[in-house]
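For reference, the structure discussed in these notes is given below.
Just so it is clear: chains get the letters A, B, ... in the order the sequence lines come, proteins before strands, and each one is counted from 1. None of the values given here were measured: they were computed from a predicted structure. Note: hydrogens, waters and symmetry copies are ignored here, and every other heavy atom, side chains too, is used.
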Amino acid sequence: MKYSYYPGCTLKNKAKDLDAYARASAKALGFEMEEIEDWQCCGGVYPLGSDEIATKLSSVRALNDAKEKGQDLITVCSACHHVLKRVNDDMKNVDDIRTRANNYLKLDTPYEGETNVLHYLEVLRDEVGFDEIKKKVVNPLKGKKIGAYYGCLLLRPGKIMAFDNPENPTIMEDFIRALGAEPVVYPYRNECCGGYISLKEKEMAQNMCEKIMDSAKGFEADMLITACPLCMYNLKKNGTGDLPVYYFTELLAEALGVKEEVAK
Amino acid sequence: MAYTYGNTQNAAERIKEISGVNPLKCMKCGKCSATCPAFNEMDIKPHQFVTYVQNGDIEALAQSKSLWKCLSCFACVERCPRDVKPGKLIDAARQLVVRERGQNYLTADEIPELLDEETPQQLLVSAFRRYRR
Amino acid sequence: MQELIARAKELLADGTVARVLGWKAGDLPYNPEAAYFETAESLDEFVYNGFCGQNLSKMMIEASKLEGKTLVCLKPCDTYSFNQLIKEHRVDREKAYIIGVGCKGKLDVEKIRKMGIKGIQGISGAELTDDCEELHISTIYGDKTVAYKDAMLERCHVCKGKEHMIYDEIIGESKDTKDADRFAEVERIEKMKPEERFAFFQKELSKCIRCNACRNACPACSCRKCVFDSTKFDSAQKANVDSFEEKMFHIIRAFHVAGRCTDCGECSRVCPQGIPLHLFNRKFIKDIDTFYGEYQAGADAESKGPLTSFTFDDVEPGVVAERG
Amino acid sequence: MSIEAKEEFRPKIVAFCCNWCSYAGADLAGSSRLSYPADVKIIRVPCSCRVNPMFILRAFEKGADGVIMCGCHPGDCHYTTGNYYARRRMTLLFSMLDFIGVENGRTRVEWVSAAEGVKFSQTMNEFVEKIYSLGKNVRLEDLRCRN
Amino acid sequence: MQRIGVFVCHCGTNIAATVDVKKVVEMTAKEPGVVHAEDYQYMCSEAGQAKIINAIHEKNLTGIVVCSCSPRMHEATFRKAAQKAGLNPYMVEIANIREHCSWIHKDMEEATLKAVILARAAIAKVNLDAPLQPGESLVTKRALVIGGGIAGIQSALDIAEAGYEVDIVEKLPSIGGRMSQLDKTFPTLDCSACILTPKMVEAAAHEKINIYTYSEVEKVSGFVGDFTVDIRKKARSVDMSKCTGCGVCSEKCPSKKNPNEFNRGLNNRSAIYIPFAQAIPNVPVIDREHCTKFKTGKCGVCSKVCAAGAIDYEQKDEIITQKYGAIVVATGFDVIPLDKYDEYAYSQSKDVITSLELERIMNAAGPTKGHLERLSDGKAPKNIVFVQCVGSRCSDERGKSYCSKICCMYTAKHAMLIRDKYPDTNVTVFYIDVRTPGKNFDEFYRRAVEDYGVNYVKGQVGKVIPQPDGTLMVQASDLLENKQILMEADMVVLAAAIEPNKDVRKIATMLTASIDTNNFLTEAHAKLRPVESPTAGIFLSGVCQGPKDIPETVAQAGAAAVKAIGLLAKDKLTTNPCTAHSDELLCNGCSQCANVCPYGAISYEEKQVNDHGIRETRRIAVVNNALCQGCGACTVTCPSGAMDLQGFSNRQILAEVDAICR
């Protein structure tokens, strides 16, 4: 299976690991991620305004690129996934935005939300299958108690993201189980860490990160995993400091025995 | 800050238009405020956004701290039983401010001192998108 | 034909049937007409050849009312109509002795004329016993030969098959003459723009002179009194001063036979103006097949027709607008 | 011609409504004061299956610009099965009208329950708007019927 | 030619404010056939009707057109008036110029013009009206009640007391319904079982009442006064006539781990079971899905221990066909599933429960024997939080748009009972509004606050956060304080919205009774006919029509019973004369009409006819007027137009079309 891949700015920079482990794991699991050419930054925040067109165009370009290749579009970064998925929904369902965006872009054939946007985790769950992953795990992460930190962007708004139950998600827990570790379910796993405001409102972000990490620790998690570079940064920077945070792809790569390759 | 929105009803209409939210659907249950992780930092609380828009008191909303404290985490959007989506309203108000007033919450000059080694690009671009025109 | 006549005489003689419904020669070599024969002698006038296109099923409605059985000669495609009439209680199966007559395709004299053949004095090669590959036409301008196929009725090019759906015995061989797609013409029209379709039907239907030949020939149009002749709908026949009249008449006529029409093609065969009336019926048949599953009226005498049955998840009428 | 074109076009629209659901839905639209253009005139029939294609053709013949039929939702027919037959009949009729080149927006079927006053009003507004966009029905009108 | 009178109603200002009634009078007066036209303030009033009657007498009117409200409102009124004046009532037509005109248009000129056109259509129709005589049909003096909860029981009792046979069909093994699951009832705090059980016993003992439990309605045909219903009596696997109800079978049954539906799955029951102690009938049923004997063929313990020899593994479903004159629907409700409200941690924590589960916990026969305990660890809760409006008043697809009506009151009840029995427990209720319309209801709620110290907080709960120590944190709004609260709780009770029983849609379809988008059955008129379905002979009892508490349910059940009795008391019903009729001279006898008739009202006869001198025997369609309901399906199927519908004839409808398109 071959997917169009949208890495996003952070994965080319501060979150290189997230990207590298994802690619290595994909190879081990037998699917291919083909980076789309000339992708542009998604903007990091989905422009909520119904009259915002320009800020949605970079996403539409990426989506259209995948459509032209006839591939599903895969992302690893939660924020990029969120933005792409929501813009795609607009292009599919909101007449006004679709018309205006197409008028602007003047594509050969108008883009109408045809591309299927998938998060890497969704590929693992729906295309590869967690049972299949379990079979391919060479270093089961036995004995590790891992808390999944979902954050907001993957889950909400639930209707559009259609990723998992937004109030009681299970995909990352199933993922953790597939790697041979024990998932820790804690109530703050879908609460916001305050990543977006961490630049100016440090104290606020600190409060929020602490709440999340204290809750996870309370339920005896040894570590957290996340799919979002911003959450990663924020939890590390503004959290309690005594709970390690990893990208989910790193643990995947480790369990699949391809982590060393990446380190090289 | 002496600048005011000429016709307040117009500004309210703009907010409704940008957000696509009908504030009249609100039944004042307060679930948004019960949900909001930034509640304590806000001067105008999420459930009050609706009333401000309804009353056309956009100036107060524009001046509020809440505008910049909202995390865009969509928790209120997800849980609102009436499809009112206070998060969308506040986002629209924020856009109105940065667009029409040229009032950037964050200027380019301020940024370097806020950065550290690990700051991801994502945070920078999102800050730009959220806080300035 | 001789075999047919011999058998008919036999059946008359032994009292199985009281009369024979077949064809006798007309005033021209190509216009045999339906006729009853009640004696062995009269059967000498009996003819059956490539020009006996007329579907005799409908005549059995009246024949069913007569004393005794009627021997009726039905071609494969006529038997569909007969079945449909049984289903609708219009003919009495017990009153009919059906001889399924062979058919190798029926001829359209208009097609011959269109080839520029005039002054026809005689035609051979169209007997049931012939192989029906070539027609030999003697005219006042000399003899001509044309391919049988080229003179066939449109309906025979889309023949439903050489099997008789109902019969008591079969005499003569049949040939499958299908060499075209039944819905091709309908599809061609469907692909046109609405204005073009409108213009097409405007042109065709404006030829209509409301002679009612179609109605009279149609085995499904068997109402004792047509709605267009009754006061029930205030639709009693009026002079045609406007195109709508024809549209209304032909749409309603097609609608009334929708799900019952066997596609026997008599309407187009008898139209003196050459209007392709069968297109309306074919359109309904095509829609019925696509929307509700393939259905051939007259294939049996029991099943419920598509307009008197339904499924819970039939397509919505909006489908017409959706498909554009 | 040019004089006629300047005349404001007010379409004639006939709505056949079944007594049990759609007519009641129209009543509810009325008592809820949900407006729709006055161009729509409703004819009450016991059931959508009472609507004969001849009625629809007749309306067009007499100069109607649009004909809409409303009935109970499939499965909710007061007479159990009436609207299922109506659905087949109208599907075929509409398809035939489309086939002979009549704009298919001039006919519509909508299922409206007694509780759907809002839907009734919305449907009529949409339909009228559609008919306005199509303009006068010149293709089916019988000119003799003008008076 | 008819002599037609047109009567235009002002309906106060309802019509007159938008429609120029004088103009309508003036315009319609000119129509062919119209010999009289007048307007009046209220046509439906006595005085208005008198005007019609007078005009009929004075002007020898043969047809009446009333331009007024919907015929669904006053057609019957005006028909009766005409009848009084000696005119056939079916010579009256209504032009609906209120609902279809004045109420939806603003422009007077436009509305007036439309009113005139609608009147013209009605005039055109009257012109072709023919006097009709209603027929008669017999009434089967027996009622069917679908559902054996308090609504069904009450309706059945009332009908039976009036002297008619009643059958109750209950899907579950016992009657009793939701009310049997309740512990106490508001606003008086009686024990639910104490007031329900006598009713159940009375119903069971009543000589006119026949109860089919563990049974479902399978098929309904016919019409008002003469329904034929197939009831599927599911195999109980126990012979009701032999069983003594000793209960040994349940005790000895080795398959004990099956969720106890009666206790909302909070504990388990055996595979052969009696749902609850007061069950009627007191006969167990084998849950074949969980029974070892049925699953593996090996076991048969119950059969061995049954002294009465009542166990019958071979029992089959039985179909009972019965005729009824009236049907009462009392299918009740359930609470909505909470899988879309995971922010309240219902699926994550055993201590987050629904109010109905709390009823079972509080009940002496419940899973905790009536002790208020946390289901997770059996400890007594110290802080209980109630959350109101969980899934009610929601405009998204997660919940229901309506107010469930009973939650405010039962929550006050729960809060009060808990504070009364366990005074050390803190009780907080988060509410959006407290809605207590009802006799002694607000007083009841105030007692909870004032006498029992229940803490009511205005605001909704955003999230219930399970803690590592097993307690819960509740994050909520206090809107009056403008605060976000984080409150400790060890039990959270959710007032989940109620919704109509899942089966009601299927039943409504069988009955051809209309149903709304929330699956509540629609009443014939929201205000004036609240217990009748628009489908004649179908009556609505209890929550199947809309959310209700017990007193309201019982009141409505009684009202539905009275309506049913009113029907059963008649020996004959006059039937709608607007039936189909076949013109024997036009009929082809083709049988197409019979194919589409839903009532089997069309048969065929070989009949001698004289068709303009031609005498012959023809196969002719004949309509049974008692069976025909007048849908008209046959009329469109008939190609020759032989089949026509009286009151809605082809020519009449065409005349209306012509009048509108004129």
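Of the two parts of A:K236, neither the backbone nor the side chain holds a non-hydrogen atom closer than 4.5 Å to a non-hydrogen atom of chain B. B:K85 does not touch chain A: none of its heavy atoms, backbone or side chain, sits under 4.5 Å away. At a 4.5 Å heavy-atom cutoff, A:A15 makes no contact with chain B through either its backbone or its side chain. Contacts of A:N190 with chain B are made by side-chain atoms alone, with heavy-atom separations under 4.5 Å and no backbone atom involved. Within the 4.5 angstrom heavy-atom criterion, only side-chain atoms of A:Y233, from C-beta onward, approach chain B. Using a 4.5 Å cut-off between heavy atoms, A:K12 makes no contact with chain B at all. At a 4.5 Å heavy-atom cutoff, the contact between A:C41 and chain B is made by side-chain atoms alone. Of the atoms belonging to B:D116, it is side-chain heavy atoms, and not backbone ones, that fall under 4.5 Å from chain A. B:A75 touches chain A through backbone and side chain together, each having a heavy atom under 4.5 Å away. Of the two parts of B:E41, only the side chain, counted from C-beta on, holds a non-hydrogen atom closer than 4.5 Å to a non-hydrogen atom of chain A.
Ion pairing between A:E191 and B:R79 holds under the 4.0 Å rule for side-chain N and carboxylate O.
Between chain B and the options A:G43, A:G44, A:A205, A:P157, the largest number of non-hydrogen pairs under 4.5 Å is found for A:G43. Most heavy-atom pairs under 4.5 Å with chain B: of the set A:S198, A:C193, A:C152, this distinction falls to A:C152. Chain A forms the most heavy-atom pairs under 4.5 Å with one residue out of B:G87, B:A38, B:S19, B:C73, and that residue is B:C73.
Environment of NZ in B:K25: crowded, with over 12 heavy atoms of neighbouring residues, nucleotides or ligands closer than 6.0 Å. Heavy-atom neighbours of A:K202 NZ from other residues, nucleotides or ligands within 6.0 Å: above the threshold of 12.
Nearest heavy-atom pair across B:P37 and A:M208 is CB-CE, 3.5 Å. Of all heavy-atom pairs between A:I197 and B:W68, the closest is CG2-O, 3.8 Å. Taking each heavy atom of B:E78 and A:E167 in turn, the nearest pair found is CG-OE2, 3.9 Å. Heavy-atom minimum distance, A:G49 versus B:Q95: N-NE2, 3.4 Å. Summarising the geometry of A:G195 relative to B:L123, their closest heavy-atom pair is O-CD1, 3.2 Å, with the distance given to 0.1 Å.
Rounded to the nearest 0.5 Å, atoms OG (B:S72) and NE2 (A:H82) are 8.5 Å apart.
Looking at heavy atoms from C-beta onward, A:E201 lies out of side-chain contact with B:L71 at the 4.5 angstrom threshold. The side-chain heavy atoms of B:V125 and A:V45, taken from C-beta on, include no pair separated by under 4.5 Å. Side-chain contact between A:K14 and B:E118 is absent, with no heavy atoms from C-beta onward closer than 4.5 Å.
Put simply, the side chain of A:S50 gets close to the backbone of B:I18: a donor and an acceptor are under 3.5 Å apart. A donor-acceptor contact shorter than 3.5 Å is absent between the side chain of B:Q122 and the backbone of A:T10.
A cation-pi arrangement, defined by a distance under 6.0 Å to the six-membered ring centre and an angle within 45 degrees of its axis, is present between A:R86 and B:F74.
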